[in-house]
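Only one structure is covered here, and it is reproduced in the block below.
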Amino acid sequence: MTGARSVPRQPKPLANGTDHIEHLHRALALLDVERLRAWGSELAVRLGRGGRLLAAGNGGSAAEAQHLTSELVGRLRDDRQPLSAIALHADTSAVTAIGNDYGYDEVFARQVRAHGRPGDILLLLSTSGRSGNVLRAAEAAHERGMTVWALTGTEPNPLTGLADESVRADGPTATVQECHLVAVHILCASVDIALGVCPAATPEGDTPAAPGGLVVVGDALLDRDLVGTVDRVSPEAPVVVVDHVEVRSRPGGAGLAAVLAARGAGPVTLVTALSDDREGRHLRGLLRDAGIRVIDLGLAGPTPVKSRVRADGRTVLMFSEAPEAVAGPRRALTEEERALVTGASAVLVSDYGRGLTGDASVQEALAAAAPATPVVWDPHPRGGRPVPGTRLVTPNRAEASRFAPGVAGADLGSDIERGRQLVDLWQAVGVAVTRGADGVLLLDSAKSSPLAVPGRRVAGADTCGAGDCFAASATALLAGGALLSEAVTGAVRAAEEFVAAGGAAARTAGAAAAPEPEPADPLEAVARVRAAGGTVVATGGCFDLLHAGHIALLASARMLGDCLVVCLNDDDSVRRLKGPRRPVVTASDRAAVLASLASVDGVVVFAESTPAEALRRIRPDIYVKGGDYRVDDLPEAALVDSWGGRTVILPYVDGRSTTRMVDKILLGFGDK
């Protein structure tokens, strides 16, 4: 072409000076420190038992990976045992030979196959998360039965999809690499703390918190899951053989209750008794990594350890290393520690029958706290007796049967009678008898009718820790001013979500499941359907006072494809469209009702007059509207057409209208 001139590309601005520091400051504030601490604790367990860490990266990430492995083989600060860690890129002969013979994408993957063993960890550092040699290494690690962790830049990226867990840093490449160096130091420090090489610095040490926070009192245990695979039966005996066993540890007993209570409840202090043996030091490190402040009264005996052998999401065998003799604490509470208990916003007593709740100083502090402070007591048949004025006692059905042996039967009436007896026996404000999947019965000292909160069954669920979750959730709700009935109802729902999300096993360091269930992102459903070659359908509207016409429209729309996303007007846009009396139902409630329908796979709330921006994000293959429109009248039809989508009209059910329903209601109240 003549006369045409190319326009030189303008270079992107490069952060410098204070701009660079500002980028770093923002990125570090969002760094997932808790996950890094959990990784450090898991590294301490696996490497301390002869496991191996493999690390790899390119360019600056290679230097940081090599820095990590050198600290683990050597030391971060204080002397300790050398730990097995290999930087795959550091062997230049291997890298160049493999790259020459097999291609550069294989330089890490081939070394993973050579050095990696089932149960080892591969840590990959990549600012983009897209480097081919890094992605191939992750795939090779999974083939070897290894765990893959990733330090990456802005998500989503292919590496986070291949990693079991990832920590990201947002910002320019230089900022991401600097955050990764900080992450390396946090990892190494967490390893040393978990190994008992050095204590954690304050405020994560044993310094008591200021009065006013939530306090958990009880026996902390060390829980271990030995997770493997089962695909054969032993020729020596008719028992299954568990292969490729990986050990995952977590706080148990009152330790687990404290971790669960800390979710959304702010700082939590645990009053417990820890042994100075290896397991006790490991348990202390796990609690610190979870952000729990510990008041340690010292355990006069070994650390109780409970282990479960698990395969395919099920428990195969459970065994306990807890001594039969109850040792109890070595010392009493100090006056300062007693004041912390009596000044707490709420107290959870998590009794596992190991002697702590029977200690005189602990009983005195709890008696002084109740009834002014909400005290929730999760009892144990071998534990201390709940103090008078306890706000809520939470025995399960089996425990209630032992505490009230005069009542026979396992039906609803028997549980009600036991609960009434226990309210009187313990002089408690309320007793909640937990009944597993059958829910909870709440009896109170006012002799009112029992509150029955039904439960929802979760097929194949791991219920380990569900009771701790129930008690911890009820305590947090009472601390926030909830009534007993509100606290029990909320705690039942929290326990159901906990079980559905994988139970205590999902809170284990190194477990693949996420610590908390999060609302589903409708765009994730869209991405899954599109990746499988399916058809994405979208519709939009106010959906105020959902009626039969809406239900029929949504069901018909869903039949046109493989997923349906509803674009929902927010409250302000409804007012602009329908007038000041609308909406009758708020956007959050409308979205919740829509999301509960079997025909709806996701809901996106938008604030504009039309759903154009929401549709740009979804890019549906088919856009649906109800029968009172024509395609030519819809401004978004041209937008949908721009990416090859189609807009269709579906018939409404005659005689169904939200406006008519609202007018009829107002007429009934005399509002003309």
Side-chain angles (χ1 to χ4, degrees), residues 215-225 249-262 268-275 277 279-280 282-284 286-287 290 292 294-308 318-330 333 341 347-359 361-363 365-366 375-387 390 392-403 426 432 434 463-475 495 498 503-505 507-508:
V215 173
V216 177
V217 178
D219 310 293
L221 319 174
L222 180 62
D223 280 354
R224 286 178 177 150
D225 283 348
S249 302
R250 64 173 176 273
L256 175 61
V259 172
L260 295 174
V268 169
T269 300
L270 172 63
V271 179
T272 191
L274 300 177
S275 177
D277 55 16
E279 288 76 14
H282 182 42
L283 175 56
R284 181 187 296 275
L286 292 173
L287 290 167
I292 306 300
V294 177
I295 294 177
D296 180 13
L297 303 185
L299 183 63
T303 300
V305 180
K306 291 188 177 180
S307 303
R308 301 187 305 166
M318 184 181 300
F319 55 94
S320 172
E321 300 171 54
E324 291 187 7
V326 175
R330 290 182 178 275
L333 289 170
V341 175
V347 179
L348 168 60
V349 181
S350 182
D351 194 346
Y352 273 76
R354 306 309 305 173
L356 187 85
T357 59
D359 177 80
S361 68
V362 172
Q363 280 273 329
L366 294 170
V375 175
V376 176
W377 200 298
D378 192 3
H380 192 281
R382 295 196 306 269
R385 178 170 174 158
V387 298
T390 295
L392 183 67
V393 189
T394 62
N396 61 36
R397 174 184 277 165
E399 292 165 344
S401 298
R402 296 186 65 175
F403 292 129
W426 290 325
T434 60
T463 60
C464 177
D468 295 300
C469 181
F470 173 81
S473 300
T475 306
F498 172 83
R507 272 72 182 169
T508 303

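What you see is a predicted model, and the numbers here were worked out from it, not measured in a lab.
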Of the non-hydrogen atoms in R382 and G353, which two are nearest, and what is the gap between them? NE-O, 3.9 Å
Write down the atom of P302, the atom of D277, and the distance for their closest heavy-atom approach. CA-OD2, 3.5 Å
Checking S275 side chain against G301 main chain: does a donor-acceptor pair fall under 3.5 Å? yes
Who are the side chain to side chain contact (heavy atoms under 4.5 Å, CB included) partners of A254, not counting sequence neighbours? V216, L270, S350
Within the structure provided, determine whether L297 and V362 are in side-chain contact (heavy-atom separation under 4.5 Å). yes
Among residues at least two apart in sequence or on other chains, which ones pass side chain to side chain contact (heavy atoms under 4.5 Å, CB included) with A398? N396
Quick one: closest heavy-atom pair of R354 and P304, and the distance? NE-CG, 4.1 Å
Taking atom CG of L274 and atom CG of D296, what is their separation to the nearest 0.5 Å? 4.0 Å
Reported CD-to-CG distance for the pair E279 and L221, which is rounded to 0.5 angstrom: 12.5 Å
Straight-line distance of L256 CG to I292 CD1, nearest 0.5 Å: 10.0 Å
Taking all non-hydrogen atoms of both residues into account, name the closest pair between V215 and V217 and its distance. CG1-CG2, 3.9 Å
Listed by chain and number, what are the side-chain hydrogen bond (donor to acceptor under 3.5 Å, both in side chains) partners of T394, not counting sequence neighbours? D378
List in chain and number order the residues that pass side-chain hydrogen bond (donor to acceptor under 3.5 Å, both in side chains) with R397, two or more places apart in sequence or in another chain; answer none if no residue qualifies. D415
With sequence neighbours left out, the residues meeting side chain to side chain contact (heavy atoms under 4.5 Å, CB included) with D351 are D219, T357, W377, H380
Smallest heavy-atom separation, L348 atom then A471 atom, equals CD1-CB, 3.8 Å
To the nearest 0.5 angstrom, please state how far the CG atom of D225 sits from the CZ atom of R250. 4.0 Å
Looking only at atom types and distance, does a side-chain atom of S361 sit under 3.5 Å from a main-chain N or O of L333, one as donor and one as acceptor? yes
At their closest point, which heavy atom of G253 faces which heavy atom of D223, and how far apart are they? N-OD2, 4.4 Å
Could you tell me which residues satisfy side chain to side chain contact (heavy atoms under 4.5 Å, CB included) with R385, sequence neighbours excluded, listed by chain and number? L425, W426
